[in-house]
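The structure under discussion appears below in the form of structure tokens.
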There are 2 protein chains.
Amino acid sequence: MTNKRELFQIMTRRFGLLNKNCCSVGGHDLSAAQSHILYEIDRAEAPSMQQVAESLGTDITTFSRQIQSLVKMELIEKSPSPADRRVSLLSLTTTGKFVAATIDTQMNGYLDEVFSYLTPFERETVLRSIDLLNGAMAKSDRCCAPIRDDQAEDTTPNDPE
Amino acid sequence: MTNKRELFQIMTRRFGLLNKNCCSVGGHDLSAAQSHILYEIDRAEAPSMQQVAESLGTDITTFSRQIQSLVKMELIEKSPSPADRRVSLLSLTTTGKFVAATIDTQMNGYLDEVFSYLTPFERETVLRSIDLLNGAMAKSDRCCAPIRDDQAEDTTPNDPE
DNA sequence: AAAATAACTTGCATAATGCAAATAAATAGT
DNA sequence: ACTATTTATTTGCATTATGCAAGTTATTTT
């Protein structure tokens, strides 16, 4: 209660568990990482590989392979950008959209159950708080953004851009 | 804003990034998983392997190896339980305690920075909300607890025990 | 048009994962 | 007391994930 870190440690652990083998839809069994990828592609407008890898904080080579397997699963399509043929634009296939929507429903179901233990007022408050928190994290540059290098206690003001 | 899942997706992603290469202390470079293990051992009173593995939702064989490497790093000690010699009780070494404390400080530092973008009232609200959320997740059995098997839509009542 | 840069992919080499089987200690059944 | 079962943890693979260095193809610089 007193300690911020304690609260967040517990929370992230629980969410980690929730996400563990996050979603099986039909025959497909997706990992949390894969679900995040689908989510992000759905959200953005035909993003490039780099864009998605960057916003998920995944190494581009790892991401390349993650995409390869999602393409093989026929959830994602890659098409060369007309503007720059080095770039691959990502989009969800029809199946991919369906899977993404189903996961969304599932997750909302889980969350509804969790929220059922709260009063309507508490629900409201919690949702608003998460929103505030997301906003605050977005503003922070010390954390929560893709970190390139070490962030040792010495706090060298390195700027990786 | 409207969609619970959306809020939580963003939040978990950001925390994932924050935790990524979560903590380097002195020469030690810890993963998020390792930091969670230290945290849990510090928190509990000489827990057994199974207890910690269970509460972290980690497969016991994977956990066994994670512990092996933390022992090799001299952050953790294993001692056979006097009551039952099959059981290994886990504890932090002096170095382990120091590392755990340092990580705690680091994380609180990050969180302080994030919270600096909120008003004092918002901070209060957010902390209280996380606490509420943790409580609600603890009550839920559909999620957030170690999940043994699939939770497909078909909901076959299989019992793997 | 050659040189530098950029977006992505592939080659390793390493680390993490988890099921099945092994080991070792405790408990049950007789 | 003595074998049989269960329990706690470890090891043997076999699979998958990771990321750096180097490669490929396309674009931009000069």
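If you're wondering where the values come from, they're calculated on a predicted model, not measured in any experiment. In what follows, every chain begins at residue 1, and chains take the letters A, B, ... in the order their sequences are listed.
Distance, B:Q34 CD to C:dA15 C1': 11 Å, rounded to whole Å. Protein atom CG of A:L30 is 16 Å distant from nucleotide atom C1' of D:dT16, rounded to whole Å. In this structure, A:E54 places its CD atom 14 Å from P of C:dA6, rounding to the nearest Å. C:dT9 atom P lies 10 Å from atom CD of A:Q50, rounded to whole Å. Rounded to a whole Å, the CD1 atom of B:I37 is 10 Å from the P atom of C:dA16. Across the protein-nucleic acid pair, A:D59 atom CG and C:dA15 atom P stand 16 Å apart, rounded to whole Å. The CD1-P distance, from B:I60 to C:dT23, rounds to 19 Å in whole Å.
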Test side-chain hydrogen bond (donor to acceptor under 3.5 Å, both in side chains) on B:T93 and B:E74; report intermediate values, then the result. CA-CA 7 Å; B:T93 63; B:E74 302 190 340; over 6 Å; no
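Ranked by how close their nearest DNA chain C nucleotide is to the 5' end, B:T58 and B:P82 are led by B:T58.
Residues A:I76 and A:I37 meet the side-chain proximity criterion, which asks for heavy atoms closer than 4.5 Å. In this structure the side chain of B:Q34 never reaches within 4.5 angstrom of the side chain of B:Q66, judged on heavy atoms. Two residues are said to be in side-chain contact when any heavy atoms from C-beta on lie closer than 4.5 Å; A:T58 and A:V52 fail this criterion. Counting heavy atoms from C-beta on, the side chains of A:E77 and A:L90 never come closer than 4.5 Å.
Each of A:N108, A:V114, A:I130 was checked for a side-chain contact (heavy atoms from CB on, under 4.5 Å) with B:F8, and the lone residue meeting it is A:I130.
Listed by residue number, B:T61, B:S64, B:R65, B:Q68, B:K78 are the residues of residues 61-78 of chain B with a heavy-atom contact under 4.0 Å to DNA chain D.
Distance alone, capped at 3.5 Å, places no donor-acceptor pair between the B:S64 side chain and the B:I60 backbone. Counting only distance, with no hydrogens or angles, the side chain of B:S140 and the backbone of B:M137 share no donor-acceptor pair below 3.5 Å.
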Filtered N/O pairs between nucleotides 23-26 of chain D and protein, under 3.5 Å:
none

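Residue A:Y117 places its OH atom among more than 12 non-hydrogen atoms of other residues, nucleotides or ligands, all under 6.0 Å distant.
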